[in-house]
Asker: 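Below: one structure in structure tokens.
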Amino acid sequence: MVDLNALNPQQRLAVETIRGPVLILAGAGTGKTRVITFRIAHLIGQGVAPGNILGVTFTNKAAREMQERVAKLVPRTARSKAESLAAESASRFTLHASRFTHSASSPDRPTICTFHSFCVRVLRQHIDRLGYKRNFVIYDEPEQLGAIKKVLSQISEKGEKVDPAAALSVLSRLRNGALDATLAADSEDADKARLIRARYESALRACNAVDFDDLILLTLRLFSEHAEVLAECRTRYRYVMVDEYQDTNAAQFKLVHALTQGHRNLCVVGDDDQSIYGWRGAEIGNLLDLEKYFPEVRVIKLEQNYRSTNVILNAANALIKHNVRRRSKQLWSVNGQGTKISLHTFQNDDEEARGVVEQIEYARRIRRIPWSSQAVLFRTNLQSRPLETALRQANVRYHLIGGQSYFDRREVKDFLAYLKLLLNPHDDISLLRVANVPPRGLSGATMEQLLAASQEHRTSVFGAMTNPALQTGLAPRTRENVAKFVEWIERTRSPLAAPTALSLEKWADRFLSDLGYFEELRRSEKDPEAGENRVRNLQDLLASLDGVAATNVAPMQRLGSFLEEITLDTEREEKEPEGEAVTMITMHSCKGLEFPHVYIVGLEDGLLPHTRSKTDGSLDEERRLFYVAITRAMLSLTITHCLGRRKYGEEVPCHPSPFLRELPEDLVERAEERGQQSVTVESGRERFANLRASLD
């Protein structure tokens with residue numbers, strides 16, 4: 001049995017309520033992850049087979065954390081009692097081998113994963129019923145953009161310019177059932193969107209590729225067209241838990257609904273007050289209107305906050321009450337009253353940046369608060385420029401979350417494209433990326449001709465390369481180069497198909513060396529050190545290849561699992577900076593995080609709430625975004641706004657955010673003002689400078 005004495009009464013009630021539909025309203029900082037993991041462990045302790053439990057969340061990081069916590073909570077004896085029950089279920093739902101699925105889906109472990117990872121497992125087993133091959137590839141966002149650009153080039157009128165990223169966003173909303181009403185009302189635009197959708201889906205299917213939307217949509221199609229697949233999943237997953245339920249979209253809701261309609265053992269965990277992703281399709285109504293689909297649902301509120309002081313919580317409570325459509329909850333804490341929220345007014349964004357940095361340094365030098373305990377939150381990435389400048393001038397180390405991802409580096413994308421090409425030669429996006437890298441006589445003009453031929457004859461570029469009849473117009477030497485490339489692909493793929501204990505790291509190192517890619521990286525950089533850095537970046541990735549799966553599996557399958565894990569890991573985090581550093585992060589990226597001391601900058605009308613919220617009806621979501629930012633703070637909270645901010649090279653006047661008026665005055669301490677100027681940092685810059693000088 002799992003010891004539940006460490007839980008508060010409401011947490012314990014949520015853990016012990018295991019039959020029927022349950023909605024756990026988990027306010028910010030109320031121990032949501034703790035409750036989820038204890039609940040899974042309690043289910044196992046009550047004799048539920050681990051293999052019958054499905055926990056779904058939105059990030060691989062959250063899934064890994066839950067797996068680790070459950071493993072620590074569940075005694076081996078409890079797992080042993082359930083193993084015999086799990087074995088029968090597992091035998092009916094065999095999964096492909098990979099490190100991720102092994103850790104998350106073994107018969108004696110619950111399945112804890114993201115929506116997309118769950119759907120991949122189902123599709124790898126059954127997608128052939130929909131006319132795809134099981135070795136499909138998953139396109140990430142850059143590859144999706146490449147595909148949509150090709151489609152737009154085919155259907156756009158001469159001189160017409162369409163933003164591929166915007167088109168992809170509209171397409172995603174259309175496919176997920178969240179098409180804007182304005183677009184739906186305009187039949188011409190709606191018809192064009194549907195044409196783009198048809199061409200885009202056809203292009204992906206020709207490459208045996210799917211995107212992130214497809215993973216869920218194709219799983220839903222499987223469930224609809226093949227009842228036996230749905231019955232198999234329902235039989236296995238008899239207890240379903242969904243984290244961050246307020247962030248689910250229409251398709252994800254349908255998936256959860258389909259899985260749980262039989263047994264109705266659904267537990268959703270979320271907080272409507274932290275629903276901040278409506279712009280990407282999240283439906284807050286999935287949580288607010290749950291009783292429409294599960295009238296018998298039991299609602300359990302978690303309101304005891306373990307993170308913040310009561311000043312911070314009371315300010316957050318007062319703010320969010322201005323949203324009418326919400327489930328009522330009142331956060332409270334035993335952490336004491338705490339200090340008042342500090343509100344500062346600055347003349348412009350440069351003054352704001354210098355003032356915030358001075359406060360950070362004052363806290364470090366005088367109050368002995370390390371940089372790592374301080375975070376600066378902002379609404380848009382554009383706000384980071386003056387802040388970064390001020391931090392650099394003050395020699396303050398900082399970590400900007402959202403910089404270039406390791407996986408967005410050229411050398412890494414090239415290597416992954418080669419792997420995808422070897423797994424699936426009909427993957428046009430990957431083939432076009434590396435066909436002439438390193439140079440092999442396949443110029444851009446040549447590839448454009450082959451691409452045009454493939455589109456005309458509805459085949460892949462590789463299909464055009466293997467069909468001499470589609471290569472008219474190519475010079476004899478170019479045809480020879482095409483034939484050599486096709487032969488090279490087939491020769492390289494062949495030894496990867498049979499099971500072997502071959503080290504993937506050694507294979508990849510030899511593959512890239514023989515290809516001449518390492519030398520190509522060195523030649524491509526004027527600075528020799530920069531070239532060596534690119535080589536080292538790639539070798540770091542190669543070193544992780546052998547941890548993918550058991551070595552008695554074919555290298556092709558192991559490489560597929562490696563690519564799948566990387567593609568699904570959408571929250572790829574940058575490496576933590578060495579030593580102390582201030583965190584710089586957008587409000588949308590900070591959900592789930594906490595910091596002892598928080599600075600929220602730019603509380604101005606037009607920034608927060610954003611200008612567009614006045615026309616698109618998203619004012620409530622903007623308020624929720626501010627609520628999320630406030631509740632990241634543990635001990636102290638500082639809020640700033642400017643009287644003017646530089647835009648397009650000119651300083652324009654700014655007005656305080658109307659949200660500031662919704663904070664109770666007795667909880668806020670305003671900085672002393674001198675006319676239009678603000679006195680920064682306690683009793684001013686001069687005092688701070690003197691203190692710093694005396695310490696030096």
Side-chain angles (χ1 to χ4, degrees), residues 6-17 22-36 38-39 243-247 267-276 284-291 297-341 343 587 590-595 598 600 619-637 639 657-669:
L7 305 176
N8 69 41
Q10 287 301 104
Q11 289 176 332
R12 183 160 186 162
L13 178 61
V15 167
E16 293 181 324
T17 306
V22 181
L23 166 57
I24 301 175
L25 278 177
T30 57
K32 169 177 64 76
T33 303
R34 182 182 182 84
V35 169
I36 295 173
F38 265 88
R39 193 173 191 275
D243 188 18
E244 302 288 5
Y245 193 66
Q246 77 280 349
D247 294 336
C267 175
V268 300
V269 186
D271 180 8
D272 51 307
D273 291 337
Q274 297 187 74
S275 179
I276 58 174
I284 192 174
N286 291 347
L287 188 148
L288 293 176
D289 303 327
L290 190 62
E291 286 87 348
V297 65
R298 182 167 186 180
V299 180
I300 301 172
K301 296 181 182 180
L302 304 183
E303 297 172 298
Q304 182 178 352
N305 177 284
Y306 292 89
R307 174 186 299 155
S308 308
T309 65
N310 281 297
V311 162
I312 293 168
L313 297 180
N314 290 338
N317 289 332
L319 171 79
I320 205 63
K321 283 181 180 177
H322 287 80
N323 280 1
V324 177
R325 190 167 184 256
R326 62 183 288 265
R327 290 182 182 262
S328 176
K329 64 188 77 68
Q330 185 79 8
L331 297 181
W332 60 276
S333 172
V334 295
N335 293 337
Q337 188 68 2
T339 59
K340 289 186 177 183
I341 296 169
L343 178 61
M587 296 180 190
C590 73
K591 192 156 76 75
L593 302 177
E594 60 183 32
F595 309 93
V598 169
I600 303 177
L619 184 63
D620 281 3
E621 181 161 319
E622 291 290 293
R623 185 178 284 110
R624 291 194 293 268
L625 185 60
F626 187 28
Y627 172 87
V628 166
I630 289 174
T631 54
R632 299 311 95 194
M634 301 168 68
L635 300 176
S636 76
L637 174 61
I639 300 174
S657 168
F659 292 157
L660 292 175
R661 294 194 296 270
E662 298 174 2
L663 301 179
E665 289 189 9
D666 62 326
L667 302 179
V668 178
E669 187 173 60

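The shown structure was predicted, so the numbers you read here are calculated from the model rather than taken from an experiment.
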Asker: Take D271 and K329 through the salt bridge (Lys or Arg N to Asp or Glu O under 4.0 Å) test and state the conclusion after the steps.
Answerer: CA-CA 10 Å; D271 180 8; K329 64 188 77 68; 3.2 Å; yes
Asker: Any side-chain heavy atom of D273 sitting closer than 4.5 Å to one from Q246?
Answerer: no
Asker: Applying side chain to side chain contact (heavy atoms under 4.5 Å, CB included), run through T30 and L331 and close with a yes or a no.
Answerer: CA-CA 8 Å; T30 57; L331 297 181; 4.0 Å; yes
Asker: Rounded to the nearest 0.5 Å, how far apart are CG of L288 and OG of S275?
Answerer: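 Separation between the atoms: 8.0 Å.
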Asker: Kindly indicate whether the side chain of L13, heavy atoms from C-beta on, has any atom under 4.5 Å from the side chain of R298.
Answerer: yes
Asker: Just verifying a value: how many Å separate L25 CG and K32 NZ, rounded to the nearest 0.5 Å?
Answerer: 13.0 Å
Asker: Within this structure, what is the CG-CD distance for the pair N314 and Q330, rounded to the nearest 0.5 Å?
Answerer: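 The CG atom of N314 sits 7.0 Å away from the CD atom of Q330.
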Asker: Shortest non-hydrogen contact from N323 to R623?
Answerer: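 Scanning both residues completely, I find the closest heavy atoms to be OD1-NH1, 2.6 Å.
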Asker: Do the side chains of V269 and V35 get nearer than 4.5 Å, heavy atoms only?
Answerer: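 Not touching, per the 4.5 Å side-chain cut-off.
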Asker: Looking only at atom types and distance, does a side-chain atom of S333 sit under 3.5 Å from a main-chain N or O of S308, one as donor and one as acceptor?
Answerer: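 Side chain of S333 to backbone of S308: a pair is present.
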Asker: Search all heavy atoms of T339 against all heavy atoms of V311 and return the closest pair with its distance.
Answerer: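 Closest heavy-atom pair between T339 and V311: O-CG1, 3.4 Å.
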Asker: Which heavy atom of R39 sits nearest a heavy atom of C267, and at what distance?
Answerer: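 Distance-wise, the nearest heavy atoms are NH1-CB, 3.4 Å.
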Asker: For the side chain of K301 and the backbone of S328, is there at least one donor-acceptor N/O pair under 3.5 Å apart?
Answerer: yes
Asker: Set out, in order, the CA-CA distance, both residues' side-chain angles and the distance that settles side chain to side chain contact (heavy atoms under 4.5 Å, CB included) for R326 and R624, then state yes or no.
Answerer: CA-CA 11 Å; R326 62 183 288 265; R624 291 194 293 268; over 6 Å; no
Asker: Would L290 and V268 count as a side chain to side chain contact (heavy atoms under 4.5 Å, CB included) if you check the C-alpha gap in whole Å, the side-chain angles of each, and the deciding distance to 0.1 Å?
Answerer: CA-CA 10 Å; L290 190 62; V268 300; 3.7 Å; yes
Asker: So I639 and L663, do their side chains get closer than 4.5 Å, heavy atoms only?
Answerer: yes
Asker: Are the side chains of F626 and I600 in touch, meaning some heavy atoms are under 4.5 Å apart?
Answerer: yes
Asker: Can you tell me if E669 has over 12 outside heavy atoms packed within less than 6.0 Å of its CD?
Answerer: no
Asker: How far does CG of L343 sit from CD of E665, to the nearest 0.5 angstrom?
Answerer: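 Those atoms lie 11.0 Å apart.
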Asker: Please round to the nearest 0.5 Å and tell me the distance separating atom CD1 of I284 and atom CD of E621.
Answerer: 8.0 Å
Asker: Could you tell me which non-hydrogen atom of D289 sits nearest to which non-hydrogen atom of R325, and how far apart they are?
Answerer: OD2-NH2, 2.9 Å
Asker: Might you point out which heavy atoms bring R327 and L287 nearest each other, and give the distance in Å?
Answerer: NH2-O, 3.2 Å
Asker: In the structure I gave you, are the side-chain heavy atoms of Y306 and N8 within less than 4.5 Å of one another anywhere?
Answerer: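 The answer is yes, as the side chains (C-beta and beyond) meet within the 4.5 Å cut-off.
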Asker: Between M634 and F595, is any pair of side-chain heavy atoms under 4.5 Å apart?
Answerer: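 SC-SC contact between M634 and F595 ruled out.
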Asker: Decide side chain to side chain contact (heavy atoms under 4.5 Å, CB included) for L7 and E16; before the verdict, give the C-alpha distance in whole Å, the side-chain angles of both, and the deciding distance to 0.1 Å.
Answerer: CA-CA 11 Å; L7 305 176; E16 293 181 324; over 6 Å; no
Asker: Identify the two heavy atoms, one from A318 and one from H322, that lie closest to each other, and give their separation to 0.1 Å.
Answerer: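 Smallest heavy-atom distance, with atoms named: O-ND1, 3.1 Å.
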Asker: Drop me the distance from L667's CG to N310's CG, to the nearest 0.5 angstrom.
Answerer: 10.0 Å
Asker: Tell me if a side-chain donor or acceptor on N305 pairs with a main-chain N or O of A28 at a distance below 3.5 Å.
Answerer: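 It does hold such a pair.
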